[in-house]
Amino acid sequence: MLSLRFVSENLDLIKEKLKLRKTDANLDDFAKHVKERSDLLRESESLKYKKNQVSKEIGQLPPSERGKSPQIQEMKAVATQIKELDASLAEVDAKIENVLIILPNIPDASVPPGGGEEDNPTVRLWGEKPEFDFTPKQHFDLGEELGILDFERGAKITGARFTLYKGFGARLERALINFMLDTHTTEHGYTEVLPPFIVNEASMTGTGQLPKFKDDLYQLEGLDYYLIPTAEVPVTNIYANEILAEEDLPQCFVAYTPCFRKEAGSYGKDVRGLIRQHQFNKVELVKFSKPEDSFDELEKLLQNAEVILQKLGIHYRVVALCTADLGFSAAKTYDIEVWLPGQNAYREISSCSNFTDFQARRANIRYKGKSDKKTTLVHTLNGSGLAAGRTLVAILENYQQVDGSIKIPEVLKKYMGGLEKISK
RNA sequence: GGAGAGAUGGCCGAGCUGGCUGAAGGCGCUCGCCUGCUAAGCGAGUGUACGGUUUAAAGCUGUACCGAGGGUUCGAAUCCCUCUCUCUCCGCCA
């Protein structure tokens, strides 16, 4: 969320930025409402001042005289007036809040302008596309033939976009999760957390999923509880409504969680295979940083995520999301896109973002300076490190052999009990 | 699920027969003094948000906040209602 003050003082700038993002918001009456709010607030507060003063005077009267004090009648009227003013104020506040809460973050100045995915510039490439002297297969064919991925039974148990992993398929996914967690905790200094997989409405609002993206979430019937679409939600909310000490920043967390997404509006996209599931596993990196450090922290976080693919020896590219492709809460985002030879395409495997103070304002996460003693909103960041399911896809497609077996990447062998390859 | 107790400032902890309580007292922390150093001691300070004043900051000032939301009252941390969470006991359970 952007601050009321910032928005009301920069309406034209906001409109301009919204255009870049290709989003729309009705800001027509905003200035009017802000003025109205400030008038009501002032009036209400001055009446409250009067009421407080007079009430104090009444309290000082001897008890015998209190009952007949004309001031009581007078204050009765004032109290009614205050109640009416506050009711109007609440109405205006709600109008303002309804606009602010669905306004996206402002893209950072370094974000490339663009109209869509095709305008995302490539920041760098790592590794090379592997050469095959046969036609590489797609992961779902490989997985089914090896008996490690069972899409039909997943669909039977639950429905479309749910998959049953079996044998070394299940083991490989677990190996990846452990490999990622170990790397980030022991080599990159992140603290591992295992958060709840169900969160309340306040948490979802804090990170920006609610109220705008309710359709993408699984809500538990009759409750204001939701299945998490990413660990970003529970982990960022660790510090909701807290004030941290400056010397405790930055704080870096890594969490494995399953993620649950309705994928509303993606019918017909990636219908086969593991790429787009309603439930998938992900290792997520989350940071809380001082404002002046957050863009440096983003670069580090991105590199921490890249290391996973480097260690796995899989070719990828990093793209910077352009203004139109940026997510709702993000000020800047890099995507890591892994090479999938079976698909002959790069596919997103991680998204690393700096949310600046956008989520911190919603979730009310601040820190107190050591010298200046001021409280300031922190900056929050996060990125996948990485999506486990898609990483498994990348391994199947990049490490496939002509006989349909899968070589195990060196770094994963110890997590696979020394296994060299998965074969029939 | 049943019965009970509780939720106060960074922490502990009073207040809870309504007004003098933004909130006693202690601890912690910060600054100053003192001491050869440390400890002890002395003095002052020590929440957040929003608004007004100000070129700006500081300062001054107003409002709100004693788990959350409503209510009663001229006036509520204190009374009433609802909710959330924590703890104890019983039941059930991985």
Side-chain angles (χ1 to χ4, degrees), chain A residues 1-9 30-97 99-101 194-206 210 219-220 222-226 234 237-249 251 258 291 357-378:
Chain A
M1 190 161 69
L2 304 171
S3 78
L4 170 57
R5 174 175 284 185
F6 178 77
V7 176
S8 51
E9 287 173 2
F30 197 79
K32 196 183 90 190
H33 290 144
V34 171
K35 171 82 169 69
E36 209 178 327
R37 175 181 182 274
S38 131
D39 291 345
L40 285 167
L41 191 64
R42 232 178 295 182
E43 200 178 342
S44 163
E45 286 193 354
S46 72
L47 281 179
K48 281 174 186 167
Y49 175 57
K50 185 174 177 193
K51 184 191 77 175
N52 288 344
Q53 295 301 315
V54 175
S55 292
K56 237 174 244 179
E57 285 169 27
I58 295 172
Q60 265 144 27
L61 257 42
S64 55
E65 286 176 33
R66 273 183 209 160
K68 42 194 173 182
S69 163
Q71 292 173 312
I72 289 187
Q73 286 311 313
E74 197 189 329
M75 285 308 106
K76 233 177 219 184
V78 170
T80 311
Q81 220 179 327
I82 290 173
K83 205 173 256 185
E84 284 165 7
L85 282 171
D86 282 350
S88 312
L89 186 60
E91 264 175 54
V92 182
D93 266 339
K95 281 181 198 163
I96 292 171
E97 174 79 3
V99 172
L100 285 181
I101 204 81
L194 183 60
F197 301 159
I198 294 173
V199 297
N200 59 30
E201 192 178 322
S203 293
M204 283 293 188
T205 308
L210 286 177
Q219 181 172 12
L220 300 194
L223 296 170
D224 82 329
Y225 284 178
Y226 300 81
N237 278 285
I238 285 175
Y239 289 129
N241 300 310
E242 291 195 37
I243 300 176
L244 306 172
E246 180 176 357
E247 52 269 36
D248 291 338
L249 295 174
Q251 290 212 35
D357 63 8
F358 188 86
Q359 293 181 326
R361 185 172 292 106
R362 290 174 160 245
N364 194 25
I365 308 171
R366 294 165 295 172
Y367 78 97
K368 196 185 273 283
K370 198 167 168 53
S371 47
D372 60 3
K373 292 282 170 201
K374 283 196 71 98
T375 53
T376 312
L377 293 165
V378 302

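Any value given below was found using the heavy atoms of this structure, including those in side chains, with hydrogens, waters and symmetry copies removed. Naming: A, B, ... by sequence-line order, numbering from 1 per chain.
The C1' atoms of B:A23 and B:C60 are separated by 22 Å, rounded to the nearest whole Å. Using atom P as the reference point in both B:C92 and B:G2, the two lie 15 Å apart (nearest Å). B:G13 and B:C66 have their C1' atoms separated by 13 Å, given to the nearest Å. Here the separation of B:G47 from B:G25, taken at their P atoms, is 15 Å to the nearest Å. Using atom C1' as the reference point in both B:A77 and B:A14, the two lie 12 Å apart (nearest Å). One C1' atom belongs to B:U55, the other to B:G67, and the distance between them is 43 Å to the nearest Å. Taking atom P in both B:G91 and B:A3, the straight-line distance is 15 Å, to the nearest Å. Atom P of B:A76 sits at a distance of 16 Å from the matching atom of B:U21, rounded to the whole Å.
The side-chain heavy atoms of A:V54 and A:E74, taken from C-beta on, include no pair separated by under 4.5 Å. Inter-residue side-chain proximity for A:E97 and A:D93 is flagged as unmet; no heavy-atom pair is nearer than 4.5 Å. By the 4.5 Å heavy-atom criterion applied to side chains, A:L244 and A:K368 are not counted as neighbours. Proximity of A:V199 to A:N237: side-chain heavy atoms (C-beta onward) are nowhere separated by under 4.5 Å. Residues A:L210 and A:Y226 have side chains in contact (heavy-atom distance under 4.5 Å, counting atoms from C-beta outward). A 4.5 Å side-chain heavy-atom check between A:D86 and A:K48 finds at least one atom pair inside the cut-off.
Remark: P of B:G69 and CG of A:D86 are 14 Å apart, rounded to the nearest angstrom. Between the CZ atom of A:R5 and the C1' atom of B:A49 there is a distance of 12 Å, given to the nearest Å. Atom CG of A:L244 is separated from atom P of B:U48 by 14 Å (rounded to the nearest Å). One atom, CD of A:E242, and another, P of B:G10, lie 11 Å apart when rounded to the nearest Å.
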**Q.** Nucleotide pairing, RNA chain B (Watson-Crick or G-U, distances under 3.5 Å), in dot-bracket with [ ] and |
**A.** ((((((((.[[[..)...(.....]]]((((((.......))))))(((((((.....))))))).[[[[[..)....]]]]])))))))....

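Closest contact between the side chain of A:R37 and the listed nucleotides B:G19, B:U72, B:C50 involves B:C50. Out of B:G19, B:C74, B:U48, the shortest distance to the side chain of A:I72 is found at B:C74.
A residue-by-residue look at A:Q71 and A:T376 shows that A:T376 has its nearest nucleotide of RNA chain B further toward the 5' end. The residue among A:R42 and A:K368 whose nearest nucleotide of RNA chain B is located toward the 5' end is A:K368.
The distance from atom CZ of A:R362 to atom CG of A:L2, rounded to the nearest 0.5 Å, is 9.0 Å. Note that NZ of A:K35 is 15.0 Å distant from CZ of A:F30, once rounded to the nearest 0.5 Å. For the atom pair A:K95 NZ and A:K32 NZ, the distance stands at 7.0 Å (nearest 0.5 Å).
For the OP1/OP2 pair of B:A49 and a distance below 4.0 Å, the side-chain nitrogens and oxygens of A:R366 include at least one atom meeting the criterion.
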Q: At under 4.0 Å between heavy atoms, which parts of nucleotides 58-68 of chain B does protein reach? Answer with one letter per nucleotide, 5' to 3': B base, S sugar-phosphate only, - none.
A: ----BBS----

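Within the 4.0 angstrom heavy-atom criterion, no nucleotide atom of any strand lies near A:K56. Among the heavy atoms of the strands lying under 4.0 Å from A:L41 are primed sugar atoms or P, OP1, OP2 only; no base atom is included.
A donor and an acceptor atom, one from each side chain of A:R42 and A:S38, are located under 3.5 Å apart.
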